[in-house]
Amino acid sequence: MDRETNRPKKLGFRPSKAPNPSPSSSSPVRLRPREETKRDSTSSIHERRNPVLDEDEETGSPIFSYLVGTCPDMCPAKERQQRERLRDLSVFERLHGDPSRTSSKLAVKKFCRTMSNAELQEVEIRPLPVLRSTLKYLMNLVDTSDQPFEVVHDFVFDRTRSIRQDLTRQNILDDEAICMYEEMVKFHIESHKKLAMCYTKTDLASLCYLNTEQLMKCLATLFKLFDIHRRSSSLYKNEAEFYSFYVLLHLGGKIPQMGSSLSLWYRKLTLSILQSNEMRFSMTLIRYSQLGNFKRFFTRLEAEASDLQLCLVEPFLSEIRARAISYVNHSGYKLQPYPLKHLSDVLRIKESELEELCHVCGLETTMDEAGMKTLPVKQTSFSLPKLGLPVHSLSTF
Amino acid sequence: MAYLSMGEAHRRITDYLSRFCDAVSSQDAATLSALLAISSNFASLQAPADALNVFQDSNQLVNQVERYAQFAEILSPLLRCLQSYRLGRYSDAYVAFEKAANAFLQEFRNWETAWAMEAVYILALEIRLLAEKADRELSSSGKNTEKLQGAGSFLMKIFGALAGKGPKRVGALYVACQLFKVYFKLGTVHLCRSVIRSIETARLFDLDEFPVKDKVTYMYYTGRLEVYNENFTVADQKLTYALMHCSPNKEANKRMILKYLIPVKLSIGILPKQWLLEKYNLMEYNEVVKALKTGDLRLLRRALREHEDRFLRSGVYLVLEKLELQVYQRLMKKIYVLQKQKDPSKAHQLKIETAVKALNWLGMDMDMDEAECIMAILIFKNLTKGYISHKNKVVVLSKQDPFPKLNGKPVSS
């Protein structure tokens, strides 16, 4: 397996074409436990839990025989017909806008919780090449559709989950799977930012939460895949950056818990990952944030974050800035209102946006004799609004 | 190995089987335990193990004699386990042991008293040790390691058998600790939560009824969990309990406890003496302590870098990193004290520029904005009393106790 994908570090690395398998073109590594279990007489095929891709406890029933899919389309014919009958077609799947007609070029298999492998037939599972092209189709949709983003996200969110389900059922664990998971992580990270920007949506919080939850599931599986491959070869080119995403998620206050604290998570990582630039960067950012060293936090973020890292972090910046405002408010001198211009420089935010943030947090702003905007300190009305804060990007100077 | 005759082999095996049955009928837990302690490699176990390689048909032997046959479900796999272990086939040994242990547990459930508790302890210990060996073997031949996970499931079964009213409860803490060891090793530490809940909140147990030795182990593990979750007050209580009640001669255990207790104590402002670090060989904390005493941030950073791997492995790295704030406090206090000596009337005005100079002198690259940030957070977290005049670039300290000590409480969040 070669590591020849020379993706420049600064870019969130999506190549313009679909990801290609490594040029060494050995057939994909697919661990086949069927052969293994013949040697191990005590566990039958039917009682093996998928040891790797078990991301959804609901989807993985303990009874697993690894199927090899034969479905040629993005959606199995049986499901297409059923959903046409039930008029259960997404706006993207409708042929000429007809809610009861679809085609093999438009319909994409839905995520379905319930089935055990015993009930599924091979013709309902998509093999790897089909999954690859399905993912490509979905990613293209994200780029080109003119539907509102939440609608696109909802569709792609579900359909990529179904792709992951098919990967799990066939126990596909090779380079191609890694590529696909990386793509999906990227989708969730970019969605993370785009969703956060839709500040006015009322169900935003739950949308964001669900998206983050899937992001974490994808990351968890991706890490397992990296682990498997590490036995035989060196680090993947982007591996460190993906681990750094998991760390950076902890900048946000309300992320779904993955079961253990960061301290415990670090214990499991290899030294080469922990000492990578991306990990050092993210661990340091966490340190600055927790310490309250906003000056360094923002300068370091601006200097070193990759596009994807920035995408991930930007929705969290408002909370961090709000904290900074509260510290300034608390520790300042009563008779000297704090200049917003200076604070906006340090917090890498536009002055008008900073003003908005102060107001949203219940703080008044005033103007001094020279016409400069200021924040009177020692106000007692500071509070974080329940509905969340507006998201402002990183303003570079 | 000396030549073993068929007759001698037969004798050794029946001897083992008889001892087992005798132990059960006379409720002799000690003997029973010795027969189950596979990985202890007692000579008394090696003997029948060797015999099994000569006398191949032990199953038939078990089934033909009535007093052995009643325990066939235990004894047949147990013999297989002995044999596999002796041959170094640990994965096979584990599988066989799990079968035997399951059957034994069934019997144990039927016995009314807790006479066999010691044997159950051995079962709990052995299942873990054998699983660890088995997984090592599997890993080195590139296969999936899942035996330890299986051991965890079995331990939960034992735990279930012990939980409830009755004299068997006394063993629950020991088994809980075995579970902790398994979960920590597997990295699935979050699974400890349900065990802890059963012990602490289910009101089935009164912690006082357990042997002190088990309580120490329990407090050690739960204390560690509190450290990872940064609940320092609780962590302090638990780990201190473990330390105080640890057997005086168990130096290695004390060291393990201290490894986690020291960062906790540091976080609440209590510094260990040098001799303690030396005695227990925990010198990796030496520079951290010095940095806190002198306010030398550079020293703290260096200590963290030097022992980074060790601190990350034990999981205390993030806890130690947070000590930075206390180091800053110490430094500011030093500046304040020096200023007071020079000119008491002006001491409470700390120019931000002075802080910057001090930090630069220590080799830390810092500017006015950053220094102001740090001062703001020191004030916010009550490590400094006063306010900042941004306009005049000065921190005005409170005239009374401007740098309050932590006094056993963690930094406010």
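Proteins get letters first, then strands, A, B, ... in listed order; numbering begins at 1 in each. Note that the structure is predicted; figures quoted are calculated from it, not measured.
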Inset, instruction - Verify the neighbour count for atom CD of Q275(A): are there more than 12 heavy atoms of other residues, nucleotides or ligands below 6.0 Å? - result: yes
Inset, instruction - Name the member of D92(B), I374(B), L378(B), D365(B) that forms the most heavy-atom pairs with chain A at distances under 4.5 Å. - result: D365(B)
Legend entry - Closest non-hydrogen atom pair between R313(B) and Y266(A), with its separation: NH1-O, 4.0 Å
Inset, instruction - State the OG1-NZ distance between T188(B) and K268(A), to the nearest 0.5 angstrom. - result: 8.0 Å
Inset, instruction - Flag yes if more than 12 heavy atoms outside E73(B) fall under 6.0 Å of its CD atom; otherwise flag no. - result: no
Inset, instruction - With chain A as the partner chain, list the residues of residues 317-327 of chain B whose heavy atoms fall under 4.5 Å from it, by residue number, and write 'none' if nothing qualifies. - result: L318(B), E321(B), K322(B), E324(B), L325(B)
Inset, instruction - Using non-hydrogen atoms and a 4.5 Å limit, figure out which bit of R224(B) sits close to chain A: side chain, backbone, both or neither. - result: side chain
Legend entry - Residue pair S389(B) / Q336(A): nearest heavy atoms and the distance that separates them: OG-OE1, 2.7 Å
Legend entry - For K295(A) against D367(B), the heavy-atom pair lying closest together: CE-OD2, 3.2 Å
Legend entry - Option in E230(B), K381(B), K391(B), M366(B) with maximal non-hydrogen atom pairs under 4.5 Å from chain A: K391(B)
Legend entry - Heavy-atom check, side chain of N293(A) versus side chain of I377(B), under 4.5 Å: no
Legend entry - M367(A), CE: over 12 other non-hydrogen atoms inside 6.0 angstrom: no
Inset, instruction - Name, in order of residue number, those residues of residues 324-335 of chain A that have a heavy atom at a distance of less than 4.5 Å from a heavy atom in chain B; otherwise write 'none'. - result: S326(A), Y327(A), H330(A), S331(A), G332(A), Y333(A)
Legend entry - Best-contacting candidate, L291(A), T299(A), L274(A), against chain B by heavy atom pairs under 4.5 angstrom: L291(A)
Legend entry - A96(B): partners by side chain to side chain contact (heavy atoms under 4.5 Å, CB included), with sequence neighbours left out: R80(B), C81(B)
Legend entry - Contact origin within F184(B) toward chain A - heavy atom pairs under 4.5 Å: both
Legend entry - Pairwise distance CZ(R296(A)) to SG(C373(B)) - rounded to 0.5 angstrom: 10.5 Å
Inset, instruction - Please round to the nearest 0.5 Å and tell me the distance separating atom CG of L225(B) and atom OG of S263(A). - result: 11.5 Å
Inset, instruction - Take atom NZ of K385(B) as the centre, draw a 6.0 Å sphere, and report whether it contains more than 12 heavy atoms from other residues, nucleotides or ligands. - result: yes
Please set out all donor-acceptor pairs under 3.5 angstrom arising from side-chain atoms of residues 279-288 of chain A, sequence neighbours excluded.
unit_1, atom_1, unit_2, atom_2, d
R280(A), NH1, E308(B), OE2, 2.9
R280(A), NH2, E308(B), OE1, 3.1
S282(A), OG, E278(A), O, 3.2
S282(A), OG, M279(A), O, 3.0
T284(A), OG1, R280(A), O, 2.5

